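These numbers were taken from a predicted model, which means no experiment stands behind them.
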Amino acid sequence: MKEIRNFIDGEFAATGRWFDKLAPYDGKVIGRVAEAGRADVDAAVKAARAALLGPWGQLSVSDRVDLLYAVADEIERRFEDFVDAEMTDIGQPAHFIRHVDVPRGAANFKVFADVIKNVPGEFFEMATPDGRGSLNYSLRRPVGVVAVICPWNLPFLLMTWKLGPAMACGNTVVVKPSEETPQAAALLGEVMNAVGIPRGVFNVVHGFGPDAAGEFLTTHPQVGAITFTGETRTGAAIMKAAADGARPVSLEMGGKNAAIVFADCDMDAAIEGTLRSCFANCGQVCLGTERVYVERPIHDEFVARLKAAVEKLQPGLPADPSSGMGPLISQDHRHKVLSYYRKAVEEGATVVTGGGVPDMPDALRGGWWIQPTIWTGLPDAATVLREEIFGPCCHIAPFDTEEEVLLRANDNPYGLASAVWTGNLQRTHRVAAALEAGIVWVNSWFLRDLRTPFGGAKQSGIGREGGVHSLEFYTELKNVCIKL
Ligand code: NAD
């Protein structure tokens with residue numbers, strides 16, 4: 001039984017209340033987690049503020065960069081510990097966690113160390129009436145204590161995606177991991193101590209959202225900026241909290257992403273990419289596809305081939321190399337996803353495959369397993385085509401023209417990501433420009449260069465992070481004017 005504690009001012013701490021952490025694959029308690037109360041959150045923010053004004057704030061950029069490289073190296077040294085933490089927290093196949101989640105954790109520190117090392121400044125000479133002139137140059141300074149509020153779906157990848165740039169820019173942080181996935185953040189505390197990150201630079205408070213650790217943190221007056229990943233509804237609540245004190249927010253929120261498959265595509269690649277984008281991580285990827293539009297001449301073949309591929313996905317334990325899919329994260333989440341499965345049928349869907357709960361061996365019956373599901377036959381106004389489900393499911397609909405499919409793909413309140421499958425270069429550029437989404441993948445999915453801007457359009461996000469774009473949020477740009 002693990003004990004997972006808060007990490008405040010360089011020390012692991014627990015002050016009384018605990019909650020259980022359950023394994024998604026069998027529903028059994030695997031550990032208990034210290035819940036941070038208001039006083040713990042206050043202590044974490046104060047420690048972060050003190051570190052900002054103290055040793056961390058005094059470090060040169062190159063010393064900070066060296067320390068971030070050391071964090072990345074230590075993550076790589078403890079790679080299997082992070083794999084184990086993520087496997088037991090989210091229950092997904094080890095090969096997915098080894099190839100996607102944990103390597104990105106280390107990369108997030110390295111990439112932003114490189115960004116901050118290489119960022120250019122600006123410099124202007126200006127004439128003055130006395131003829132001596134003045135010099136202006138810009139300085140990037142930290143915004144202060146950054147609150148990092150994280151979701152559960154790719155816990156380590158998404159948390160470090162915020163920590164890397166925040167720390168590279170010289171800020172100090174207080175992280176609130178999801179209550180479902182506390183382990184990687186706690187391990188990261190050990191990493192920070194091992195490499196000599198000064199006390200108070202990195203803090204972790206565990207617990208829930210409303211009227212709990214999340215809200216205590218986002219409403220704390222000494223928090224300088226809030227970066228959030230999660231549901232759009234939560235993002236809106238956090239934006240309201242940030243309005244007190246007029247603090248900046250960066251919000252990465254929900255999606256209802258469309259894939260558009262044209263008849264001139266490479267069908268094998270489109271099937272493989274759509275399979276991953278709908279079902280990887282049991283469909284719990286913000287960038288995943290839930291709406292698939294296929295040009296009519298290849299629609300029936302596409303449905304048949306995707307169905308065959310999905311039916312080969314075997315549910316299994318994370319460490320089992322034959323496992324093609326893990327369970328959903330929690331009982332509540334399965335309840336929500338199954339309610340959409342029922343709604344789809346009520347609204348007239350044809351269930352091509354799945355639609356329920358798989359029959360699992362006795363030892364795993366307590367887990368939150370679910371069948372990957374494909375529907376056809378729904379009108380665009382159907383609930384499962386409008387709302388984010390965040391489960392292993394998609395609806396496939398035929399289309400006839402480019403103009404028509406663009407209207408249908410854009411007719412949604414979300415605008416996070418899209419995937420387009422086509423062999424036509426001119427169409428690629430037309431469609432990529434017209435889609436209302438922060439990211440458009442063409443003939444690919446989930447290919448990420450961390451120097452590129454990342455974020456959502458419409459209700460999927462506010463702001464862009466990635467490469468130099470992260471500097472806009474994590475630094476205050478200051479002008480220094482010197483009269484000569
Ligand atoms: P969630 O919004 O329920 O929770 C996210 C975090 O916010 C958790 O740590 C939670 O405890 C905290 N929280 C909840 N209410 C709060 C409040 N009032 N004040 C402060 N903190 C609060 O999201 P989730 O269920 O953990 O994650 C799934 C969602 O995240 C999906 O909608 C998915 O699309 C989205 N997501 C988006 C991206 C992206 O990059 N755009 C990436 C991953 C996940």
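Using cut-offs of 30° and 60° for the angle between ring planes, the F7 and F202 rings count as tilted. Note on ring orientation: taking the six-membered ring where Trp is involved, the planes of F82 and F156 are parallel (angle under 30°, cut-offs 30° and 60°).
Exactly one residue among Q459, E290, E388 makes a side chain to side chain donor-acceptor pair (under 3.5 Å) with K256. That residue is E290. Partner of C150 under the side-chain contact (heavy atoms from CB on, under 4.5 Å) criterion, chosen from T229, V175, L158: V175.
Within the 4.5 Å cutoff, no side-chain heavy atoms of W421 are placed close to those of D266. Side-chain atoms of L68 and F112, non-hydrogen and from C-beta on, never get closer than 4.5 Å to each other. For the pair K458/Y414, no side-chain contact is recorded, criterion being any heavy-atom separation below 4.5 Å from C-beta on. Side-chain contact between D264 and T422: present, with at least one pair of heavy atoms (C-beta onward) separated by less than 4.5 Å.
Taking a 6.0 Å sphere around CE of M267, one finds it holds more than 12 heavy atoms contributed by other residues, nucleotides or ligands. Counting heavy-atom neighbours within 6.0 Å of Q331 CD, excluding the residue itself, gives a total of 12 or less. Environment of CZ in R451: sparse, with no more than 12 heavy atoms of neighbouring residues, nucleotides or ligands closer than 6.0 Å.
Taking the centre of each ring, Y293 and F262 stay at or above the 6.0 Å mark.
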- Message: If you apply the rule ring pair (Phe, Tyr, Trp, His ring centres under 6.0 Å), what do you find for W375 with Y341, and how did you get there?
- Response: CA-CA 9 Å; W375 304 290; Y341 280 20; 5.7 Å; yes

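In this structure, a donor-acceptor pair under 3.5 Å is present between the side chains of T227 and K162. Looking at T160 and N108, their side chains do bring a donor and an acceptor atom within 3.5 Å of each other.
In this structure, R448 is positioned above the aromatic face of W161, its NZ or CZ under 6.0 Å from the six-membered ring centre and within 45° of the axis.
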